[in-house]
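A note on names: the letters A, B, ... follow the listed sequences, proteins ahead of strands, and every chain is numbered from 1. Just so it is clear, the model here is predicted, and its values are computed rather than measured.
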Amino acid sequence: MASNHLYLVDGSGYIFRAYHQLPPLTNRYGLNVGAVYGYTAMLWKLADALDKADGPTHLAVVFDKGSHTFRNDLYDKYKAQRPPAPEDLVPQFPLFRDATRAFSLPCIEEAGFEADDIIATYTMKAIAAGWDVTIVSSDKDLMQLIRPGVDMLDTMKNERRGADYVMGKFGVPPEKLGDVLALMGDSVDNVPGVPGIGPKTASKLILEYGDLESVLAAAPAMKPSKMRENLIANTEMARLSRVLVDLHREVPVPHALDELRLDGIPPEPLRAFLEDQGFKTLLSRLAAHAPGKDKADPVAGAAAGSATPAAEVALPDFVPLPPIDRDAYETVTTLERLDAWIAESYASGIIAIDTETDALDSISANLAGICLATAPGRACYIPVGHRSDDGMFAEAPVQIPLADLVARMRPLLADAAVLKIGHNIKYDLNVLKRVGLDVAPIDDTMVMSFDLDAGQSLAGHGMDEVAQAVLDHSCIPFKEVAGTGKKAISFAQVPLDQATRYAGEDADVTWRLWTRFQPRLAREAATRVYELVDRPLIPVVAGMERAGIKVDREHLSRLSGRFAQEIARLEEEIHGEAGQPFTIGSPQQLGAILFDKMGLKGGKKGKSGAYSTDVTVLEKLKADGVKIAGLVLDWRQLAKLKSTYTDALQAQINRDTGRVHTSYSLTGAQTGRLSSTDPNLQNIPIRSEAGRQIRDAFVAEPGNVILAADYSQIELRLAAHMADVPALREAFRRGEDIHAATAQELFGEVNRDTRGRAKTINFAILYGISRWGLASRLEIEPDEAQAMISRYFERFPGISAYINETLEKARATGFTETLFGRKTWFPQIKAGVQHIRQGAERAAINAPIQGSCADIIKRAMVRMTPALEAAGLDRVRMLLQVHDELVFELPEADVEAATPIIRAVMAGAAEPLVSLSVPLGVEIGTGPSWGAAH
DNA sequence: CGACTCACG
DNA sequence: GACGTACGTGAGTCGC
């Protein structure tokens, strides 16, 4: 049987060629249709090749749809300088689709993707099926796809092109073409490339060093030249270009390969179309014989008049998925079956992976088993660490030895051609790293969900919730397999059949989620933030979690003891003032003592009807000379520090590493910030002296120091940039004290009082101000506060414009965006209840600023280790992130060399995607402890 | 498990 | 006309 041969026609390429080659021609509606005629003639010519030996058995015509694709998200200047389509071509666009359908050929387009990506996707599918492919185009980007079984056809020059053609034209084989294109750039598409490097130099460099990354790595060692300088200065641009020229090979295409089968071209509806457009020459040719047939086809002819047009390509949002069947998953306990699954994984090229462990934190958990899914519905569970059911007497189940599993999985997990998808894969990365396995490349459906839907009705982005929302599927609750409360067992004790059902479902669901999220990223313009910010961050944060930070237990213990003494003393004094003992930590009891028993003024608050006893209330009482209020404040501070920090932190020190390993969530904060748990290392005290001492417990190993690098005033700087406030911008450029500058602008003089007020107002602006909020902070009347706000807006008109535009956009679209395109949704922005709506408005004003800040520090984190390593500083470890601060541990001897690099990476983190009109200031300090580094 | 309080940016 | 007000987090304690 002759093998199948798929022809993929670059319809957009055809259109432009047709336009430039044919004279104007008008149809009976007065519409210029010269290009349509040319296009139709070209299709005819192609169809005439149908019966040839190497002609198509299957064919599709592929178009670009819209001008915005995921590449614009990656680089906003992509194709930006391309002139708009000629005026007389635009009205012809719909007719090209009509013409294609007239030939009864499927025409395919997909929002968010270019025709090239769809062609690449079908090409890969056809190769996998063992088909031959011919790409009908002369586009150089598509030449990357050429390989045995895949060639290109230039119908204008009537020339078939294979690997030799690419070698001849670019000097490299097709698989290296992407690297060459990335270096040389493309002025038509505005792919930046590296200045001064054209096709010749690019191919020479790639031939010499092998690939782009190797060229970039070798650049510093090249002999001094303009080229070397350009390579070093444009490393990021080159990497970005590499991504831009790469073809997306996993577009969710609407038709299976088989649906593209070609069975001759029926005369209808082609005849009707030609007639309608008045293409008489072609009509007369049709009368002689239909294209693609030497003579008229009697069967096709018989169907004339009743032929249905080619499948209308209404693109389904969903590739249909088989139902979930938990009984279909396999338990793998032999090396033969393991090898079979590994082979299947390579063949698939995309696998979902999920590790099961005996604990919740990825740093101390032991591996119980690994689950792989190679396709929706196709999953296996490989137990390695399961114990007996009772954990003691019964025999442990037969399992593959861990060492064998690790050895066989290592090449697969590290293979660049196999994508590993996880839901919160950071966890799996850490668990697997601890048994010696590196995993790359990765995708994370939890992060994808977050980048698409942050702020939407979902409370979180955990697997169970996302599966419910996206797949309408209820996952087995973990409790159901592991039990709950005292009777809970670890996953390592779960019987294998149950474990397989549970783990298999997780990996299966992950694969399915990926099929839903992957196309949405491009369509919904989330590619930029996912690919350039969050996805590359995952392994970086995983590394920080594994690194942990050393904590001096004795120091904490001493503090605990000191706090305990002071707390006991205060307790006695408070009870004495109250005239009776009571639980000071109970707001209820404290309220009763203060306001009922002692009869102090301070009213009720809150819907619970309980007295409020928070700091603001107690501070007021204290100011009125109420002694007990001040004592309770002191007690509260110490009790908080002791229980939350000095006591709890000691318990968090890992016995193996002697360090504290937090867990960061990439999806916890709606604005895009990270959050930190178990323990939270983003709220370690610093503001009070007693609290500050706790930071001194975070120390460096002997011979090392802690280095803390802070962005100074980054949110205000971004506000000045985003709202375009010249006065603030200039003040930052001149390096002035920004709150003092604001005070000068608002009050005409700078002193302690006006600077303090200005600082409060500056923050109020970032948070979405209200006159009442500002009034209570400044302890003035709302009218006065309103006057100050008005003055602020008057002086900085960009701010009020920014607020209005942000709110209008949020109301119109439902979301706000950061400088890097991160979306946060605000479903409550149109709420009928005023205070709910206003709350959403304030959050919407803040989100772009807070979120842009988060994007910037994330980009700094992604680049930090490579930048340090490039300078030979591989002993510098990045340990913590606290929103605008990065904490490192490094040998004392490296401080001098590392400091300027850390500063440069942080200050330049927005570039080249975003150029800020305000400089980013970075303050760096070092010392034996975190406290001393500030 | 929710309310309250408070630690951080 | 009253309400209750700054944005984003996580954790410990109390008390139902």
Student: List the protein contact pattern of nucleotides 9-16 of chain C with one symbol per nucleotide (5' to 3'): B for base contact, S for sugar-phosphate-only contact, - for none; contact means a heavy-atom distance under 4.0 Å.
Tutor: SBBSSSS-
Student: What is the distance, to the nearest angstrom, from the CZ atom on A:F826 to the P atom on C:dC7?
Tutor: 11 Å
Student: Please classify the nucleic acid contact of A:I686 as base, sugar-phosphate, or nothing, using heavy-atom distances under 4.0 Å.
Tutor: sugar-phosphate
Student: Please state how far atom OH in A:Y664 lies from atom P in B:dC8, giving the value in whole angstrom units.
Tutor: 16 Å
Student: If we count only N and O atoms by modelled type, under 3.5 Å, do the side chains of A:S790 and A:Q786 hold a donor and an acceptor together?
Tutor: yes
Student: When you measure from the centre of the six-membered ring of A:F563, is the NZ or CZ of A:K642 closer than 6.0 Å and no more than 45° off the axis?
Tutor: no
Student: Any strand counts, and the cut-off is 3.5 Å on both contacts for Watson-Crick or G-U wobble. Which nucleotide pairs with C:dA2?
Tutor: none
Student: May I ask you to say whether A:R528 pairs ionically with A:E817, meaning some side-chain N is under 4.0 Å from a carboxylate O?
Tutor: no
Student: Could you tell me the Watson-Crick or G-U partner of B:dC4, where both distances fall under 3.5 Å? Say none if there is no partner.
Tutor: C:dG12
Student: For A:Q850 and A:H835, find the nucleotide of DNA chain C closest to each by heavy atoms; which residue's nucleotide sits nearer the 5' end?
Tutor: A:H835
Student: Give the rounded distance in Å between these two atoms: CG of A:L649 and P of B:dA7.
Tutor: 16 Å
Student: What I want to check is whether the side chains of A:H461 and A:T667 have a donor and an acceptor closer together than 3.5 Å.
Tutor: no
Student: Would you kindly say whether A:D444 and A:Y427 are connected by a side-chain donor-acceptor distance under 3.5 Å?
Tutor: no
Student: Quick one: is A:R673 getting a side-chain N or O under 4.0 Å of the B:dG9 phosphate, OP1 or OP2?
Tutor: no
Student: Please determine, for the side chain of A:R636, which listed nucleotide (B:dT5, C:dC7, B:dC8) has the closest atom?
Tutor: B:dT5
Student: Pick base, sugar-phosphate or nothing for A:A843, based on heavy-atom distances below 4.0 Å to the nucleic acid.
Tutor: sugar-phosphate
Student: Taking 4.0 Å as the cut-off, does a side-chain nitrogen or oxygen of A:T613 come that near to OP1 or OP2 on B:dT5?
Tutor: yes
Student: Looking only at the side chains, is there a donor atom on one of A:R822 and A:T671 sitting less than 3.5 Å from an acceptor on the other?
Tutor: no
Student: Less than 4.0 angstrom between a side-chain N/O of A:R687 and OP1 or OP2 of B:dC8, yes or no?
Tutor: yes
